[in-house]
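Quick notes on the structure that follows.
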Amino acid sequence: MTYAVESANDLRRTHMCGVLTEADTDREVVLMGWVQKRRDHGGLIFVDLRDRWGVVQVVFSPEYSQEALNKADRIRSEYVIAVVGRVQKRPEGTENPNLATGAIEIHVAQARILNAAKTPPFYIEDGVEVDENIRLRYRYLDLRRPEMQRALELRHKAAKTTRDFLDGRGFIEVETPMLTKSTPEGARDYLVPSRVNPGSFYALPQSPQLFKQILMVSGIDRYFQIVRCFRDEDLRADRQPEFTQIDMEMSFVSAEDVMEVTESMIAEICRQATGLEVKVPFPRLTYQEALDRFGTDKPDLRFGLELVDISDVAAGCGFKVFRSAVQAGGLVKGILAPGCGGYSRKEIDELTQFALTYKAKGLAYFIVTEDGLKAPIAKFFSEDELVAIRTRFGARPGDLILFVADQPTVVYATLGALRRLLGERLDLTKDAGYRFTWVVDFPLLEFNDEEGRFVAVHHPFTAPREEDILLLASEPGRVRAQAYDLVLNGVELGGGSIRIHRRDLQEKVFEVIGLTPDEALEKFGFLLEAFDYGTPPHGGIAFGFDRLVMLLAGRGTIRDVMAFPKTQSASDLMTDAPDKVSRRQLRELHIGLDIQKVDK
RNA sequence: GGAGCUGUGGUGUAGCCUGGUCUAACAUAUCUGCCUGUCACGCAGAAGAUCGCGGGUUCGAAUCCCGUCAGCUCCGCCA
């Protein structure tokens, strides 16, 4: 099949499709764009012409141009066309109030088909329910959809506001290397082989952490960067192998200073990008309080359903599962599911299955009735105990109470997840707005059973609280960090800290996390050395920019606010990356493959 | 590394549990013809699917079983 495609070289676009209004009536315009829809009435053809700014109706009629009408006959969806015509008010009664440009239309005098298009594999419109497979494979078509374009515009605005705001506060944006050094701790690195240094590898940065600290040593004082980071870990709805951070660092500041700048910046981004007014300062929770009340260090404050501790009651009760959990140093906590007392056996089983994925051994429950708490386990409790439990939860008939008895980490993880699930299921998150919170007073270190050593909760450059420094040697697990996380609606948006700026203290922390002096020198010698040359006290923060934009856009995954995201198996369905490379490329890089041949 | 969900014309679904009138249904998109005020245009007609892939059970598999691939959600992992 052949089709005539025409040049637009001698035509200049005068307006964007979506911007025309009644004020442009009688204006001669040249428009270019994609055909959203053609409505052929035989002697009269309507075409909805689309660009990033919107849609406008163009009309082909023998009254305006028979030649153009003939051309319109060949036009199909997603053809790229140019039209020359006159803006006219629509005839009385044919205005379309659903369209921004619905009061006017373009009477076409001349038309050109700039490019034909195959029928797209899915509709170019908002709210499509297409397998994400197909959207990703044809990402260029997916990105034609208005809601995707709005997301990218929102992302741009957020980035621009960030730059404007930080510029106004004396920050400068400094680029740091993408080809850098692999360091221990943290996520798996993406490695890049060095051709000129056989056997040596660069790592793509997990974050510019060390470079920004070095910039503080350099006296940059206020640094920021909107920067790509790479982590070779498994993906989630809010985790991609490459993602973008707003990375900041300041000298001569306290945690309070960093939090103040951050709050103002976030508020400004919300205002500029979405018109949303958020109140500052943001509320604060301590790490322990967050765990106790919400079971997580990134609580969703849009709803209550707080965890309730009944360990004291459980310790003396007749239910062995509860009693022995407390005896073993664990906790018994529960969550009230309002109005869920009618849940069927099957529904409760499903919740139990859910709990099992968080390592809980089971889920105990009471159904609240007019006559008190009912459940198979009720017989193990005295009347007083039942009343105490019911009172503590403020339970009312028709409610369901769910319990986990286990070691604290399991109790927190399970009930935290259960709380999130119930919040969604009971529709408590809908239209509940944007609830920011700081989480502070993190422990500096935690003991990792698998590795048999202490590891940094944030990263090893985080400063301990002054008054806890002495504990580093005696009780490392009790040292609190000068760290702060920013959480929005249950999503960890960012985290930061005041950093260590003294060599001796940094060496001490390395020691506590099990780095030998030699290893510390080999991996972080440049930082330690820099600290010897007059390093100011400094601190900063880094945000998951994709996550922030995701929440502002009201989406459930950062893939929807990234132009070209990867699938859960870290591949790009459009380009087919990652891919095999030629033997020659490998030879140049001094790389030999050692892949087990699998029998097929 | 593990658990769960999904995979049926271009797209979205039904059918699957309980195998056979499934020679696979519906909507929409597509194509052809008609149509001068539509904007979810309308009307008439047509074409389009070996049911993700491989194997097994069976007289017979979209349907049951095993394996595998892909996408998604989650656990682990993510300083």
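Quick note on labels: first sequence line is chain A, next is B, and so on, each numbered from 1.
- Lacking a ring centre under 5.5 Å from that of the base six-membered ring together with a plane angle below 30°, A/His41 does not count as stacked on B/U38.
- Checking the phosphate oxygens (OP1, OP2) of B/G71, a side-chain nitrogen or oxygen of A/Ser571 falls inside 4.0 Å.
- In terms of polar N and O atoms assigned as donor or acceptor, the side chain of A/Arg559 never comes within less than 3.5 Å of the base of B/G71 in a complementary pairing.
- Taking only side-chain atoms of A/Asn98, from C-beta outward, the nucleotide of B/C78, B/C74, B/A40 with the closest atom is B/A40.
- OP1 or OP2 of B/G71 has at least one side-chain nitrogen or oxygen of A/Ser569 nearer than 4.0 Å.
- Of the residues A/Arg137, A/Arg135, A/Arg559, the one that meets the salt bridge (charged side-chain N to carboxylate O under 4.0 Å, His left out) test with A/Asp142 is A/Arg135.
- Contact check, A/Thr567 against B/G71: a side-chain N or O comes under 4.0 Å of OP1 or OP2.
- One cannot find a donor-acceptor pair under 3.5 Å joining the base of B/U11 and the side-chain atoms of A/Arg135.
- In this model, the phosphate group of B/C31 is approached by a side-chain N or O of A/Arg76 to a distance below 4.0 Å at OP1 or OP2.
- Side-chain N/O atoms of A/Arg231 and base N/O atoms of B/C78 include no donor-acceptor pair closer than 3.5 Å.
- Applying the Watson-Crick and G-U wobble criteria (two distances, each under 3.5 Å), B/U50 pairs with nothing in any strand.
- Evaluation of atom-type donor-acceptor distances gives no pair under 3.5 Å for the side chain of A/Asn133 against the base of B/G7.
- Heavy atoms of A/Asp131 sit under 4.0 angstrom from primed sugar atoms or phosphate atoms, though from no base atom.
- Across all strands shown, A/Pro62 has heavy atoms under 4.0 Å from base atoms, whether or not it also approaches the sugar-phosphate.
- Counting to the nearest Å, the C1' atom of B/C78 and the NZ atom of A/Lys298 are 10 Å from each other.
- A/Val455 comes within 4.0 angstrom of no nucleic acid atom, judged by non-hydrogen atoms across all strands.
- Note on A/Lys118: every side-chain N or O is 4.0 Å or more away from OP1 and OP2 of B/G10.
- For the pair A/Arg419 and A/Phe303, the distance from NZ or CZ to the six-membered ring centre is under 6.0 Å and the angle to the ring normal is within 45 degrees.
- Distance from the side chain of A/Ala237 is smallest to B/U73 among B/C78, B/C75, B/U73.
- Two rings, from A/His41 and A/Phe46, have their centers less than 6.0 Å apart.
- Closest to the A/Tyr358 side chain, of the nucleotides B/C75, B/G76, B/U73, is B/C75.
- Taking atom CD of A/Gln36 as the reference point, atom P of B/A40 lies 12 Å away to the nearest angstrom.
- Across all strands shown, A/Val457 has heavy atoms under 4.0 Å from sugar-phosphate atoms exclusively, and none from any base.
- Across all strands shown, B/A29 forms no Watson-Crick or G-U wobble pair with both key distances under 3.5 Å.
- Checked by atom type, the side-chain pair A/Gln288/A/Asp441 shows no donor-acceptor distance below 3.5 Å.
- A tilted orientation is assigned to the rings of A/Phe461 and A/His459, their planes being inclined by 30° to 60°.
- At a cut-off of 3.5 angstrom, the base of B/G37 holds at least one donor-acceptor pair with the side chain of A/Glu105.
- Residue contacts shown for A/Asp40 include a base, since a base heavy atom lies under 4.0 Å away.
- In this structure, CZ on A/Phe60 lies 11.0 Å from CG on A/Asp40, to the nearest 0.5 angstrom.
- Contact check for A/Val561 versus A/Arg555: side-chain heavy atoms found under the 4.5 Å cut-off.
- In this model, a side-chain donor or acceptor of A/Gln57 finds a partner on the base of B/U38 within 3.5 Å.
- Between A/Phe46 and B/U38, a base-stacking contact is recorded: ring centres under 5.5 Å apart, planes less than 30° from parallel.
- At a threshold of 4.0 angstrom between heavy atoms, the contacts of A/Ile45 with the nucleic acid are absent.
- Here B/C34 sits opposite B/G42 as a Watson-Crick or G-U wobble pair (both hydrogen-bonding atom distances under 3.5 Å).
- B/C72: Watson-Crick or G-U partner is B/G4, with both key distances under 3.5 Å.
- Residue-level contact check: A/Pro121 touches the backbone only, with heavy atoms under 4.0 Å from sugar-phosphate atoms and none from bases.
- In terms of polar N and O atoms assigned as donor or acceptor, the side chain of A/Arg90 comes within less than 3.5 Å of the base of B/C39 in a complementary pairing.
- The nearest heavy atom of RNA chain B to A/Arg547 and to A/Thr94 marks one nucleotide each, and the one closer to the 5' end goes with A/Thr94.
- Both A/Tyr123 and A/Tyr64 lie near RNA chain B, and the one whose nearest nucleotide falls closer to the 5' end is A/Tyr123.
- When both distances must be under 3.5 Å, the Watson-Crick or G-U wobble mate of B/U23 does not exist.
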